[in-house]
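Accompanying notes for the structure given below.
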Amino acid sequence: MTTTREDDPVALRAAMVASLHAQDVLHCDRVAAALATVPRHEFAPGEPLRKAYDTHTTLVPVRAADGTEISVVSASHIQAIMLEQALIEPGMRVLEVGSGGYNAALIAEMVGPSGQVTTVDIDPIVIERARTCLAATGYERVNVVLADADAGVPEHAPYDRIIVTVGAWDIPPAWLDQLSGTGRIVLPLRFAGISRLIAFDRTGDFLTAADYRLGAFVAMQGDGETSERLVTITDDIGLYLDPQHTPSFDVSALRQALHGPRIDLWAGTEFDMPDELALFLLTNGGEQMVMLHAAQQAIDDGLVEPAVRHGMPVLVRGGSFAYRLKRDSADFGSKFEAGVRAHGPDAAAVGDEFLTLVRQWGGEYFRRNAARIQYHPTGANSTIPAGWKTVKRHGTLTVTWP
């Protein structure tokens with residue numbers, strides 16, 4: 001029988017790597033070599049080969065009793081991004097927080113026989129699967145640890161790199177204690193109702209982001225577990241915000257505004273990079289700039305734009321609110337024009353306020369990694385810069401726009 005591309009894992013791995021190159025996700029030869037080597041399908045038993053090597057598909061979810069996903073094998077494009085952010089070199093010692101096996105195998109390929117990889121997870125089912133799959137694929141040298149990762153894994157520290165593959169609301173002191181003096185930590189950090197993949201380097205007593213990208217993971221469990229708040233406007237629409245963020249909202253007035261007349265305003269600036277725009281809006285719009293989320297039914301009913309399904313910043317002023325829009329525009333070639341939709345009795349005012357922010361971003365910060373992100377551990381001998389900040393359990397996160 002002739003082996004076809006559909007049932008040939010080697011060919012599918014090569015196609016996955018080629019696809020990641022084509023998507024402009026993959027640039028590092030060491031990451032590409034690891035992805036081309038490790039048999040991803042062996043860490044996803046029962047999944048079809050084609051699905052296992054799709055670049056945007058998560059695999060073999062572990063679910064809680066209520067059906068919530070608590071662990072997955074991440075999509076390969078996210079793993080590639082994080083591994084490139086980590087700048088892993090041969091011989092390094094690496095801690096992976098949140099296991100599954102496959103990513104640890106990729107890291108093992110990158111650090112080589114002179115390096116060391118430790119992977120830790122709080123879930124015994126996840127750890128057993130990781131240990132079994134790593135052994136079956138020849139990566140027995142990976143240290144597989146069952147523990148609450150909030151405390152790190154001190155027995156194998158210090159680490160040159162810590163890669164966190166769960167949604168972390170804060171950076172526990174243990175991770176920083178176990179990070180080498182020149183180490184880098186890469187994690188999906190949750191703040192302002194969003195999540196960003198951030199690569200932090202030590203800068204004296206605090207951390208400075210070398211790079212940040214869009215990305216989210218299932219939330220961390222154990223001592224580091226924290227949940228965002230949801231302010232329900234209707235059964236299908238709500239405001240999503242950090243637990244320590246406590247502005248008051250006139251829910252009944254917002255519900256009335258949602259079903260009332262609306263106005264659309266246009267910025268005359270190009271719309272692109274919505275993740276960068278969202279970060280700017282959330283860190284410049286004050287405490288009434290939060291995340292608006294909607295279920296598909298609200299979109300089908302025409303109450304909000306389709307993009308709200310995935311969440312977007314909304315500026316709330318009393319019983320009025322505004323969020324961003326886009327439309328095709330010949331002025332920007334094949335691109336879009338940025339705009340604002342506003343509802344409520346003060347729609348014009350809140351819409352203009354939102355539009356001013358959109359134009360400011362479009363004129364001054366229309367690029368990747370325009371923000372300066374820092375993390376200052378509590379008690380650190382560092383000066384917290386002026387600008388947006390959020391105080392977390394173990395430190396203060398700041399975002400400024402130089």
Side-chain angles (χ1 to χ4, degrees), residues 28 31 74 78-89 91-100 103-104 106-108 110-111 115-122 143 145 147-191 194-220 222-226 369 371-380 382 390 392-399:
C28 173
V31 176
S74 299
I78 291 291
Q79 291 168 316
I81 287 170
M82 294 188 75
L83 291 175
E84 291 208 345
Q85 284 181 302
L87 299 179
I88 296 170
E89 300 283 350
M92 282 186 170
R93 302 165 68 93
V94 181
L95 172 65
E96 179 194 35
V97 173
S99 194
N103 201 54
L106 294 173
I107 298 169
M110 295 181 69
V111 302
Q116 182 186 87
V117 181
T118 300
T119 183
V120 59
D121 201 281
I122 197 171
N143 303 311
V145 179
D148 187 335
D150 197 67
V153 185
E155 58 266 34
H156 298 299
Y159 302 104
D160 301 296
R161 301 288 185 265
I162 297 178
I163 300 177
V164 182
T165 62
V166 291
W169 188 76
D170 201 359
I171 303 177
W175 295 358
L176 299 183
D177 291 344
Q178 294 167 29
L179 188 67
S180 70
T182 57
R184 171 173 287 201
I185 179 168
V186 179
L187 77 165
L189 189 62
R190 292 153 47 207
F191 61 98
I194 58 174
S195 175
R196 292 292 182 267
L197 300 176
I198 305 178
F200 279 116
D201 291 326
R202 282 194 185 276
T203 308
D205 289 342
F206 62 98
L207 301 175
T208 298
D211 176 77
Y212 62 87
R213 312 283 184 88
L214 180 65
F217 283 72
V218 296
M220 189 172 180
D223 288 344
E225 183 174 358
T226 302
N369 288 302
R372 181 176 178 84
I373 303 176
Q374 295 181 341
Y375 182 85
H376 296 258
T378 300
S382 60
T390 181
K392 293 178 171 286
R393 187 178 299 133
H394 303 299
T396 300
L397 182 77
T398 66
V399 181

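Residues P377 and L176 form a side-chain contact, since some pair of their non-hydrogen atoms from C-beta on lies under 4.5 Å apart. Looking at V153 and V97, their side chains never come closer than 4.5 Å, going by heavy atoms from C-beta outward. Here the side chains of Y159 and I185 are not in contact, with every heavy-atom distance at 4.5 Å or above. Put simply, the side chain of M82 reaches to within 4.5 Å of the side chain of L197, judged on heavy atoms. Side-chain contact between I122 and M220: absent, with no pair of heavy atoms (C-beta onward) separated by less than 4.5 Å. For the pair V31 and M110, the minimum side-chain heavy-atom distance is below 4.5 Å. The shortest side-chain heavy-atom distance between R196 and L214 falls under the 4.5 Å cut-off.
The side chain to side chain donor-acceptor pair (under 3.5 Å) pairs that include a residue from residues 166-188 are D170-Y375, R184-D201, where partners are two or more places apart or lie in different chains.
Residues forming a ring-ring contact (aromatic ring centres under 6.0 Å, His included) with H376 (at least two apart in sequence, or on another chain): F206. Shown here are the side-chain contact (heavy atoms from CB on, under 4.5 Å) partners of A108, two or more places apart in sequence or in another chain: V117, Y139, R141, V142. For T390, the side chain to side chain donor-acceptor pair (under 3.5 Å) partners are Q244, not counting sequence neighbours. Scanning for ring-ring contact (aromatic ring centres under 6.0 Å, His included) contacts around Y212 gives an empty result, with sequence neighbours left out. Remark: R202 engages no residue in a side chain to side chain donor-acceptor pair (under 3.5 Å) (not counting sequence neighbours). Listed by chain and number, the residues in a salt bridge (charged side-chain N to carboxylate O under 4.0 Å, His left out) with R213 are D211 (sequence neighbours excluded). A search for side chain to side chain donor-acceptor pair (under 3.5 Å) contacts involving T118 returns N143, not counting sequence neighbours. With sequence neighbours excluded, no residue forms a salt bridge (charged side-chain N to carboxylate O under 4.0 Å, His left out) with R93. Shown here are the side chain to side chain donor-acceptor pair (under 3.5 Å) partners of S195, two or more places apart in sequence or in another chain: there are none. Residues passing the salt bridge (charged side-chain N to carboxylate O under 4.0 Å, His left out) test with E225: none are found, sequence neighbours excluded. Judged as a side-chain contact (heavy atoms from CB on, under 4.5 Å), and not counting sequence neighbours, the contacts of A209 are I198, F200, I373.
What you find for L87 and M92 is that their closest heavy atoms are O-CE, 3.9 Å. Contact detail for V399 and A371: the closest heavy-atom pair is CG1-CB, 3.9 Å. The two residues V186 and A86 make their nearest non-hydrogen contact at CG2-CA, 3.8 Å. Between V120 and A147 the shortest heavy-atom distance is CG2-O, 3.7 Å.
A donor-acceptor contact shorter than 3.5 Å links the side chain of T165 to the backbone of G98. R161 places no side-chain N or O within 3.5 Å of a backbone atom of I88 that could act as its donor or acceptor partner.
Atom CG in D121 sits 10.0 Å away from atom CG in D148 (nearest 0.5 Å). Rounding to the nearest 0.5 Å places CZ of R190 at 13.0 Å from CG of L397. A distance of 4.0 Å separates OG1 of T208 from CD of Q374, quoted to the nearest 0.5 Å. Here the CG atom belonging to L179 is positioned 9.5 Å from the CG atom belonging to L95, to the nearest 0.5 angstrom.
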**Message:** Apply side chain to side chain contact (heavy atoms under 4.5 Å, CB included) to residues I78 and F217 and explain how you reach the verdict.
**Reply:** CA-CA 10 Å; I78 291 291; F217 283 72; 3.3 Å; yes
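Using modelled atom types, one finds a donor on one side chain and an acceptor on the other under 3.5 Å when comparing T226 with R393.
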